[in-house]
Colleague: 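Input: one structure, supplied below.
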Amino acid sequence: MTRYSTRRSFDLEWVEHWARRVNEDRVLAVIGRFFTGKFVLGIDDTDYLIEVSKGKIQRIAEGLTANDFGFDFALRAPSNSWAKFSQPVPPPTFNDIWAMAHPLHNHLRIEGNTLPFWQNLRALTHMLSLMRNG
């Protein structure tokens with residue numbers, strides 16, 4: 001196993017585990033208190049709709065239905081990119097969403113309405129960093 005080993009699957013169980021970590025985090029209670037909205041976490045061909053209220057994940061839906069297209073923005077990347085991002089010490093270009101989304105690397109796509117993305121960037125990046133601790 002290498003230092004940057006990759007996770008084998010990013011399924012609903014993994015997303016729910018991450019959501020529990022997010023909801024238990026005391027920092028997000030402060031920096032995420034104004035973060036309310038919906039975003040998509042795209043892993044390969046599977047989209048997970050994440051509904052957030054006051055910095056806590058309230059609902060996760062696997063796959064999008066016609067009723068779910070009211071999301072604000074989407075973060076989509078292949079599972080091998082999420083696997084590298086979620087390592088305790090990620091390799092270069094996978095250490096944050098900006099490095100992943102940079103046009104030179106193109107490991108992550110940020111799509112949709114960028115206003116709520118920018119407004120909640122600090123809480124969102126902290127949320128995503130919790131993928132690394134479990």
Side-chain angles (χ1 to χ4, degrees):
M1 184 177 273
T2 66
R3 178 177 169 196
Y4 302 118
S5 62
T6 58
R7 182 175 180 83
R8 291 193 179 168
S9 69
F10 287 87
D11 54 9
L12 183 58
E13 181 181 338
W14 181 86
V15 174
E16 288 172 342
H17 175 74
W18 166 67
R20 282 191 298 277
R21 294 189 56 76
V22 167
N23 290 344
E24 293 168 357
D25 189 76
R26 295 185 333 191
V27 173
L28 273 170
V30 177
I31 65 173
R33 68 186 179 275
F34 300 114
F35 184 9
T36 297
K38 298 178 187 178
F39 71 94
V40 169
L41 184 68
I43 303 171
D44 292 330
D45 293 332
T46 305
D47 287 333
Y48 296 95
L49 180 68
I50 312 293
E51 291 186 27
V52 179
S53 178
K54 299 179 183 174
K56 299 223 181 258
I57 296 176
Q58 301 297 316
R59 179 177 170 256
I60 300 167
E62 183 176 7
L64 296 177
T65 65
N67 292 333
D68 293 331
F69 283 101
F71 63 85
D72 297 309
F73 58 90
L75 303 173
R76 291 191 169 102
S79 59
N80 63 351
S81 292
W82 286 118
K84 291 176 184 175
F85 175 83
S86 64
Q87 292 300 302
V89 180
T93 74
F94 293 94
N95 57 317
D96 68 16
I97 59 173
W98 298 115
M100 289 175 62
H102 193 281
L104 288 175
H105 311 298
N106 207 24
H107 301 302
L108 172 82
R109 290 186 330 271
I110 302 169
E111 304 169 346
N113 183 2
T114 58
L115 180 62
F117 172 82
W118 286 109
Q119 289 172 331
N120 299 291
L121 184 62
R122 179 64 186 112
L124 180 65
T125 55
H126 187 74
M127 257 183 201
L128 294 174
S129 74
L130 293 172
M131 290 178 177
R132 296 190 178 121
N133 300 323

Colleague: How are the rings of Phe35 and Phe39 set relative to one another: parallel (under 30°), tilted (30 to 60°) or perpendicular (over 60°)?
Modeller: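 The rings of Phe35 and Phe39 lie parallel, inter-plane angle below 30°.
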Colleague: How far apart are the closest heavy atoms of Arg21 and Leu130, and which atoms are they?
Modeller: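 In this case the closest contact between Arg21 and Leu130 is NE-O, 3.5 Å.
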Colleague: Restricting to non-hydrogen atoms, name the atom on Ala123 and the atom on Gly32 that form the minimum distance, rounded to 0.1 Å.
Modeller: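 Closest approach of Ala123 to Gly32: CB-CA, 3.7 Å.
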Colleague: Just wondering, do Met127 and Leu28 contact through their side chains at under 4.5 Å, heavy atoms?
Modeller: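 Yes, their side chains come closer than 4.5 Å.
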Colleague: When you measure from the side chain of Asp44 to the backbone of Ser79, do you find a donor-acceptor pair of N or O atoms at a distance under 3.5 Å?
Modeller: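 Answer holds: yes.
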Colleague: Output a table of donor-acceptor pairs, distance under 3.5 Å, between side-chain atoms of residues 111-119 and any protein atom two or more places apart or on a different chain; print 'none' if there are none.
Modeller:
residue : atom : partner : partner atom : Å
Glu111  : OE1  : Arg76   : NH1          : 2.2
Glu111  : OE2  : Arg109  : NE           : 2.8
Glu111  : OE2  : Arg109  : NH2          : 3.3
Asn113  : OD1  : Leu115  : N            : 3.1

Colleague: Checking Asn120 now: which residues fulfil side chain to side chain donor-acceptor pair (under 3.5 Å) with it, not counting sequence neighbours?
Modeller: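 Applying side chain to side chain donor-acceptor pair (under 3.5 Å) to Asn120 gives none.
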Colleague: List in chain and number order the residues that pass side-chain contact (heavy atoms from CB on, under 4.5 Å) with Asp96, two or more places apart in sequence or in another chain; answer none if no residue qualifies.
Modeller: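 With sequence neighbours excluded, Asp96 shows a side-chain contact (heavy atoms from CB on, under 4.5 Å) to Trp98, Ala99, given in chain and number order.
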Colleague: Within the distance-only criterion (no hydrogens, no angle test), does the side chain of Asn95 pair as donor or acceptor with the backbone N or O of Pro90 below 3.5 angstrom?
Modeller: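 Not a single qualifying donor-acceptor pair exists.
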Colleague: What pair of heavy atoms forms the shortest contact from Arg132 to Gln87, and how long is it?
Modeller: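 Scanning both residues, the minimum pair turns out to be CD-O, 3.3 Å.
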Colleague: Could you tell me whether the side chain of Ile50 reaches within less than 4.5 Å of the side chain of Trp18, counting heavy atoms only?
Modeller: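 The answer is yes, as the side chains (C-beta and beyond) meet within the 4.5 Å cut-off.
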Colleague: What are the two closest heavy atoms between Ala101 and Ile110, and how far apart are they?
Modeller: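 Looking at all heavy atoms of both residues, the shortest contact is CB-CD1, 3.9 Å.
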Colleague: May I ask you to test the Leu75-Val40 pair for a side-chain heavy-atom distance under 4.5 Å?
Modeller: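 A side-chain contact under 4.5 Å is absent here.
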Colleague: Would you mind listing every salt bridge (Lys or Arg N to Asp or Glu O under 4.0 Å) that reaches into residues 25-34, with sequence neighbours excluded?
Modeller: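 Counting only pairs at least two positions apart or across chains, no salt bridge (Lys or Arg N to Asp or Glu O under 4.0 Å) contact touches residues 25-34.
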Colleague: Do Arg59 and Leu49 have side chains that get closer than 4.5 Å, going by heavy atoms?
Modeller: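 Contact flag for Arg59/Leu49 side chains = yes.
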Colleague: May I ask you to decide if Lys56's main-chain N or O and Asn23's side chain share a donor-acceptor pair within less than 3.5 Å?
Modeller: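 Side chain of Asn23 to backbone of Lys56, a donor-acceptor pair under 3.5 Å: no, none is there.
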Colleague: So, using ring-ring contact (aromatic ring centres under 6.0 Å, His included) as the criterion, who are the partners of Trp82 when residues are at least two apart?
Modeller: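 Listed in chain order: Phe85.
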Colleague: Could you give the distance from OG1 (Thr93) to CG (Asn106), rounded to the nearest 0.5 Å?
Modeller: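 These two atoms lie 11.0 Å from each other.
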Colleague: Please list, chain by chain and in numerical order, all residues satisfying side-chain contact (heavy atoms from CB on, under 4.5 Å) with Ala29, sequence neighbours excluded.
Modeller: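 Partners of Ala29 under the side-chain contact (heavy atoms from CB on, under 4.5 Å) test: none.
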Colleague: Quick one: list whatever passes side-chain contact (heavy atoms from CB on, under 4.5 Å) with Ser81, sequence neighbours left out.
Modeller: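 Ser81: side-chain contact (heavy atoms from CB on, under 4.5 Å) contacts with Ala77, Pro78, Phe94, Met100, His107.
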Colleague: Going from CG on Leu41 to CD1 on Ile60, what distance comes out if it is rounded to the nearest 0.5 angstrom?
Modeller: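 The CG atom of Leu41 sits 9.5 Å away from the CD1 atom of Ile60.
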